[in-house]
Structure formats: structure tokens, C-alpha cells
Chemist: 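My questions all concern the structure below.
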Amino acid sequence: MAYGVDLAPGQNPHVNYEPSITGGLREATYPTHDEQGPVINARLTRKRIPRTNDYKQAGERYLLSEQWERDDLVANLVGALQQCRREIQERMVWHFFMCEDEWGQRVGDALGISADDVRGLPPLQTQTLTEEEQQRAANLGKNGPRDVTGLTMTHCVPNEHVVVG
């Protein structure tokens, strides 16, 4: 990923948001008028987008990944989650178990959290689990691998493992 710091004189390079009292970024000046774009006469609706299964695609993608990709994913997640409070770690392990048992097990083992530790967690307040997801939650850690027969992984970037260092 390309990364660059767009830094004006006197700005603090450690502040990448605005507004900030520590000399961070500043919004560009606005055009001379506030309204831009087409005039739209419509109603704005805010409601949850129905999803049939929040965890299936993530679990299938995990299983279809190369072993090194799964290893890297788990290592990155564990490294980030080790910095979090226990209740956040537990919730994330619950999500990973909901996706795929192996994923939850690997992250959980590294954090010292088992399926038994998180099996009783309720869904998030804004979540409505499908019947399939409710079954997975009831059998957390005992669901076995998802069936990915006939599915193939597609990659947006070359599927290469480059060892650095």
C-alpha cells in the first residue's frame, strides 16, 4: 500500500484528523456557496440492510485461503487484539467462531480464550441472527468446517507469499 504524509509547515505529523488542538490537518476552504450538485427531491430512509448470513462468507473465505494467508491473518488479529480489554477479545473470538471454528480456535488459543468462555455471549444488540447462525452460536466451537466444495478463491492481487526480513 502506498503511504505518504501530506504535511504543511507547522503541522504535527502524529495527528491525522481534524479538528485538532495539536496542529493537525485542517479542512480545505469551502467554495463560495454551500450548495453543490443536483437538486434531489426525495425522502431519506435509514434502516438496517437485511443480510441473510453475516458469517458464512467470511468463514468460507477463511477456509479457501492459503495456509500462509490464514497464518498471517491470525497473527495480525492476535497482535491487535492483545492490546484490547478482555471483553473485546472475547467478543471478537465469538465472531471468529461464528465464521469458522478453526479461526476462532486459533485466535482464542493465542489469547487464552476458549469456545466455552464465549459460547454464552448473546448476539450484539443490533444483530438479528438467522436460524443457521443461531445453530452455530448454540454449537460454538463444535460446528466443524463449512462445506466449501465447488467454491474457488478469487484474488484482487497476485496470490504470492513474500517473506520479508
Side-chain angles (χ1 to χ4, degrees), residues 1-7 12-22 24-25 46-165:
M1 177 174 96
Y3 175 78
V5 177
D6 187 14
L7 196 62
N12 183 338
H14 302 291
V15 179
N16 62 355
Y17 53 87
E18 79 86 25
S20 171
I21 61 171
T22 59
L25 301 175
R46 290 188 175 121
K47 75 183 223 184
R48 292 181 62 200
I49 299 171
R51 291 199 164 79
T52 57
N53 191 322
D54 289 334
Y55 300 102
K56 184 176 182 180
Q57 183 180 16
E60 290 173 346
R61 183 156 181 102
Y62 176 83
L63 289 174
L64 292 169
S65 296
E66 299 288 333
Q67 185 62 48
W68 66 264
E69 292 174 304
R70 285 182 267 168
D71 294 344
D72 284 356
L73 175 64
V74 168
N76 289 336
L77 290 167
V78 168
L81 287 170
Q82 284 174 330
Q83 302 170 53
C84 298
R85 295 188 318 262
R86 174 75 179 201
E87 62 267 20
I88 294 170
Q89 292 175 346
E90 288 177 353
R91 176 54 68 178
M92 292 307 298
V93 169
W94 182 84
H95 285 302
F96 300 139
F97 270 115
M98 288 293 290
C99 296
E100 181 55 43
D101 284 348
E102 177 190 315
W103 193 357
Q105 186 71 46
R106 290 184 66 191
V107 174
D109 285 349
L111 297 173
I113 298 171
S114 71
D116 291 336
D117 295 331
V118 298
R119 189 171 292 116
L121 289 177
L124 296 173
Q125 196 172 31
T126 57
Q127 255 182 322
T128 305
L129 298 182
T130 64
E131 191 173 314
E132 179 184 344
E133 291 168 333
Q134 289 173 15
Q135 286 290 87
R136 281 196 77 80
N139 296 315
L140 212 63
K142 301 175 185 174
N143 287 296
R146 293 180 183 273
D147 182 11
V148 293
T149 306
L151 300 177
T152 55
M153 172 69 82
T154 57
H155 289 85
C156 298
V157 296
N159 184 20
E160 299 174 357
H161 185 213
V162 177
V163 178
V164 180

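Position 1 is the first residue of the sequence, and the numbers go up from there. Since the structure is predicted, the reported quantities are computational estimates derived from the model, not experimental observations. Computed over heavy atoms, backbone and side chain alike; hydrogens, waters and symmetry mates excluded.
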Chemist: State the CD1-CD distance between Ile88 and Gln83, to the nearest 0.5 angstrom.
Modeler: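 So the CD1 of Ile88 and the CD of Gln83 are separated by 11.5 Å.
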
Chemist: Taking the side chain as every heavy atom from C-beta outward, state whether Phe96 and Arg106 have any pair of such atoms under 4.5 Å apart.
Modeler: no

Chemist: Give, for atom CG of Leu151 and atom CZ of Arg146, the distance between the pair rounded to the nearest 0.5 Å.
Modeler: 11.5 Å

Chemist: Give the intermediate values and the outcome of salt bridge (Lys or Arg N to Asp or Glu O under 4.0 Å) for residues Glu132 and Lys56.
Modeler: CA-CA 10 Å; Glu132 179 184 344; Lys56 184 176 182 180; 5.1 Å; no

Chemist: Test side-chain contact (heavy atoms from CB on, under 4.5 Å) on Thr152 and Leu64 and set out the steps.
Modeler: CA-CA 7 Å; Thr152 55; Leu64 292 169; over 6 Å; no

Chemist: Identify, with sequence neighbours excluded, every residue that meets side-chain contact (heavy atoms from CB on, under 4.5 Å) alongside Gln82.
Modeler: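 If we apply the side-chain contact (heavy atoms from CB on, under 4.5 Å) test to Gln82, skipping adjacent residues, the hits are Val78, Leu111.
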
Chemist: Examine distances only and state if a side-chain atom of Gln134 and a backbone atom of Leu129 form a donor-acceptor pair shorter than 3.5 Å.
Modeler: yes

Chemist: Atom CE of Met98 and atom CD of Glu133: how far apart are they, to the nearest 0.5 Å?
Modeler: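 The CE atom of Met98 sits 5.0 Å away from the CD atom of Glu133.
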
Chemist: What pairs with Glu131 under salt bridge (charged side-chain N to carboxylate O under 4.0 Å, His left out), at least two apart in sequence or on another chain?
Modeler: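 Glu131 satisfies salt bridge (charged side-chain N to carboxylate O under 4.0 Å, His left out) with no residue once adjacent residues are dropped.
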
Chemist: Any cation-pi pair here, Arg136 with Phe97, using under 6.0 Å and within 45°?
Modeler: no

Chemist: State the OG1-CD distance between Thr130 and Gln127, to the nearest 0.5 angstrom.
Modeler: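 The CD atom of Gln127 is 10.0 Å from OG1 of Thr130, to the nearest 0.5 Å.
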
Chemist: Closest approach of Gly104 and Val93, non-hydrogen atoms and distance?
Modeler: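 Of all heavy-atom pairs spanning Gly104 and Val93, the closest is O-CG1, 3.9 Å.
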
Chemist: Mind jotting down which residue pairs meet the side chain to side chain donor-acceptor pair (under 3.5 Å) criterion with at least one end in residues 90-101? Sequence neighbours excluded, please.
Modeler: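 Side chain to side chain donor-acceptor pair (under 3.5 Å) check on residues 90-101 returns Tyr55-His95, Arg86-Glu90.
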
Chemist: State, without any angle test, whether Glu69 and Tyr62 hold a side-chain donor-acceptor pair at a distance under 3.5 Å.
Modeler: no

Chemist: Kindly check if the number of other-residue, nucleotide or ligand heavy atoms within 6.0 Å of CD (Gln57) is above 12?
Modeler: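 Atom CD in Gln57 is not packed in, count stays at 12 or less.
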
Chemist: Closest heavy-atom contact between Leu81 and Met92?
Modeler: CD2-CG, 3.7 Å

Chemist: Using a strict threshold of under 4.0 Å (side-chain N to carboxylate O), is an ion pair present between Asp116 and Arg119?
Modeler: yes

Chemist: Which heavy-atom pair separates Gly141 from Ala115 by the least distance, and what is that distance?
Modeler: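 Result for this residue pair: CA-CB, 3.9 Å.
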
Chemist: Output, in order, the C-alpha distance, side-chain angles, deciding distance and verdict of side-chain hydrogen bond (donor to acceptor under 3.5 Å, both in side chains) for Gln105 and Asp109.
Modeler: CA-CA 6 Å; Gln105 186 71 46; Asp109 285 349; 2.8 Å; yes

Chemist: Sub-3.5 Å donor-acceptor pair from the side chain of Asn76 to the main-chain atoms of Asp72, do we have one?
Modeler: yes

Chemist: Tell me, do Lys142 and Leu140 make a side-chain contact under 4.5 Å, heavy atoms counted?
Modeler: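 Of all side-chain heavy-atom pairs linking Leu140 with Lys142, none is under 4.5 Å.
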
